[in-house]
Amino acid sequence: MAAPGMHRIVIVGGGTAGWMAAAALSRTFGEAKDICLIESDEIGTVGVGEATIPAIKNFHLLLGLDEREFLNAVNGTFKLGIEFDHWGQLGDRYFHPFGPPGTDSWAAQFHHYWLKGQSIGENTGFNDFSVEASLARAGRFGMEGDRKPNYAYHFDAGLYAKLLRRLSESWRVRRIEGKVVDVKLTTESGMIESVRLESGELVAGDFFIDCTGFRGLLIEQALHSGWEDWSHWLKSDSALAVQTESVAPPAPFTRATARSAGWQWKIPLQHRVGNGLVYCSDYIDDDEARKLLLDNVDGQTITEPRQLRFKTGRRLMQWNKNCLALGLSSGFLEPLESTSIHLIQNSLIRFIKLFPAHQIEQAEVDQFNDDVRLEFERIRDFIILHYHVNQRNDSPYWVELREMDLPDTLAHKIELFKSNGRVFRDQYELFAEQSWVVVMMGQGLKPGGFHPIVDNLSDADLRRFLQQTRASVDQLVQLQPMHDAYLRHLQGVEGTESLRA
Amino acid sequence: MARHELLDNITHKDLKINLRYQPGAGFDHQMARIFPIELGALQAEYPLFFARNTDRDQYDLVALLGFESDENLYLGQGDWLAKSLPLSIERQPFLIGFEGQATSPGSGQPVIHVDMDHPSISEEHGERVFLPHGGESVLLERMNEVLGLIHAGHGESDAFSRTLSGLDLIEPLNLEVTFANGEKTTLNGLYAINEDNLRQLNAESLDLLHQRGYLQHIYMLLASLPQLGALIERKNQKLQSQSE
């Protein structure tokens, strides 16, 4: 090889995944590595209005990206969680907030106390004990008081890629315009040696990052890393995305509405709204899906509905030889819990932690692939949970989902919760106990009992505890301004004095 | 901005309500919000639809009263030109407020407020709200009842429209209306029952709608549609009397 060690990093494909990789690697390694990114203006990217989870703030910390600068650059809004409509039963609504509700004891989480409360006639809803859910319902957002809300963002993925490109280029990432037409492997080790562009130019490297989307130009077409199909559990295979004008101030949460054969997302940005329908083409044809989506959006459409096809599953070896797959080339899970960007981020961070010193060590590669597999599978289980635990009979789709066989890991979690409301988080598991609790209860799964430690409190003390918790949530919510006022304040349009709504 | 005050028998001891159902008296609205409990009574006299409430991301039930934003064709010269009155019209100038620092609609105790800027507010003419010694008048007793029905109706209305929307039974309507004098107008922002999807519902969905009492509501909505023709006729008569 021309250069000793792992000096030259070649990222193939721009878009969210490509530019996240470029930014994180160039920020981490500085000039110690020679990083280039090959992308073609001709190839569109898949990202639309994008919703995220709170961990993205760590990524921005790594990049040294200021929140205000970021939000203004990407038309961003705040997100306190996801509201789910019609999932358990038609007409149902529940909120999956980013923060834990109430106060836990070391042995038992808050929901055990709440469950006991229900049994003695305390009928306040579970979400009324959540700061994030209560803020979302009131349309408020802010940083007043001691208990700050847990939050993430909604943003325009196209603008996000542009912002990361600007940062990356300032950190000396070279952008090469062009389309990769061929991948050249070394004969002895089967590693990638170079890629050839349409122009004939050869780009050689020591390590390659495949951000070419579903086709997996390097990881699959050249290295045959394998694919595990999950479409028997997650049946959706199509999506339609459309942007609309805002007709109301942006809500500080994502909405996921279950439909007859899929679900619809609504992601509020500052001046427009990202909408889309994820569906299964076996149950509803494209024209019907299009009508269904357009019948259920507010405001004028700004774009034509854009059609996407996908397969749900995972690349068996996300890291293979000297190639790492990131984004859609590494696998796909529908964005029901807004995990797409998180999966990119996490793979990147894991990869940087295991970055090869001089050459590829198979033990490190195996470690990486094992870790990402576990994480991917747990998120998969969490998403299947939303579909499986339902009481809907209005379409064969929902009935089949309820009756399907589950992954063992998920079946075990559901059984554990059904008996006495227990949830334990596995290592590497992204979603915390409280997320499982709100979704399981929200979908209509009620535990048969609760942790006996709750009985240590007298009924009167329990009532007082619940009322105090509720009152402190209400108080905190009252302190915060409306979400759009807070955004305008960040944009510097209004001073803090006028913030109180 | 309307001036809403918490109603009490000291501040408002001499308050009188002088309702005049005529243009310029506080009722110049094209739509009135209605609630499921009223559907049966209203369907014979009003065309009934859904309208999108974008603040709450819900569909509300409405009675269409006119073809322009401030047109109410049910207003006469003091009288309301129909036998039944939507609760949201009847309640005026009173409304529900919530006691305490409520963080969200529905929390806190519901209490009666009065809109002191409403044209029906008077100290000379009209019906007394409180009796001379501070007791509740018949009017106020009725308002208590009306506001109670509306309060309960909000939840019932949301549950009803959410279920229908989940079954894809609500579709946007673009209606072009032509009046007798040749004038045309388009009605935007109204939603109606999707009858194709209604016909295709499976037995389980029909059962669910029936169990919740929604099937009846749906047929009341459909039965109200001929009233759109009657409303156009009201408009034609208005146009004719204007041109004479």
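Below, chain A is the first sequence line, B the second, and so on; all start at residue 1.
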For this session: I would like to know whether Arg290(A) and Asp286(A) meet salt bridge (Lys or Arg N to Asp or Glu O under 4.0 Å); could you show each step before the answer?
Result: CA-CA 6 Å; Arg290(A) 191 185 146 96; Asp286(A) 294 341; over 6 Å; no
For this session: Would you please test Glu245(A) and Arg272(A) for salt bridge (Lys or Arg N to Asp or Glu O under 4.0 Å) and show each step?
Result: CA-CA 5 Å; Glu245(A) 285 171 4; Arg272(A) 48 167 67 182; over 6 Å; no
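With 3.5 Å as the limit, one finds no donor-acceptor pair spanning the side chains of Glu5(B) and His113(B). Side-chain contact check for Ser238(A) and Gln307(A): no donor-acceptor pair (N or O, by modelled atom type) lies under 3.5 Å. When only modelled atom types and interatomic distance are considered, Asn127(A) and Glu132(A) share no side-chain donor-acceptor pair under 3.5 Å. Checked by atom type, the side-chain pair Gln443(A)/Tyr94(A) shows a donor-acceptor distance below 3.5 Å.
The shortest distance between side-chain heavy atoms of Met31(B) and Leu65(B) does not fall below 4.5 Å.
The part of Tyr191(B) that comes within reach of chain A is its side chain, from C-beta onward, which places non-hydrogen atoms under 4.5 angstrom from that chain. Interface remark: Ser165(B) contributes backbone and side-chain atoms alike to the contact with chain A (heavy atom separation under 4.5 Å). When heavy atoms are compared at a cutoff of 4.5 Å, Thr257(A) does not approach chain B at all. Contacts between Gln89(A) and chain B at a heavy-atom distance below 4.5 Å involve the side chain alone, from C-beta outward. For Asn194(B), the part sitting under 4.5 Å from any heavy atom of chain A is the side chain, from C-beta outward, and nothing else.
You'll find the ring centres of Phe27(B) and His118(B) inside the 6.0 Å limit. Residues Tyr387(A) and Trp87(A) place their aromatic rings such that the two centres sit under 6.0 Å apart.
Residues of residues 208-232 of chain B placed with any heavy atom under 4.5 Å of a heavy atom in chain A are listed by number as Leu208(B), Arg212(B). Residues from residues 389-400 of chain A that place a non-hydrogen atom less than 4.5 Å from a non-hydrogen atom of chain B comprise Arg392(A), Asn393(A), Asp394(A), Ser395(A), given in numerical order.
Note that Arg234(B) lies in the cation-pi zone of Tyr74(B), set by a 6.0 Å cut-off to the ring centre and a 45° limit from the axis.
Here the options are Phe78(A), Phe253(A), Phe98(A), Tyr486(A), the test is ring-ring contact (aromatic ring centres under 6.0 Å, His included), and the partner is Tyr151(A); only Phe78(A) passes. Just one residue in the list Asp298(A), Thr244(A), Thr301(A) forms a side chain to side chain donor-acceptor pair (under 3.5 Å) with Asn275(A), and that residue is Thr244(A).
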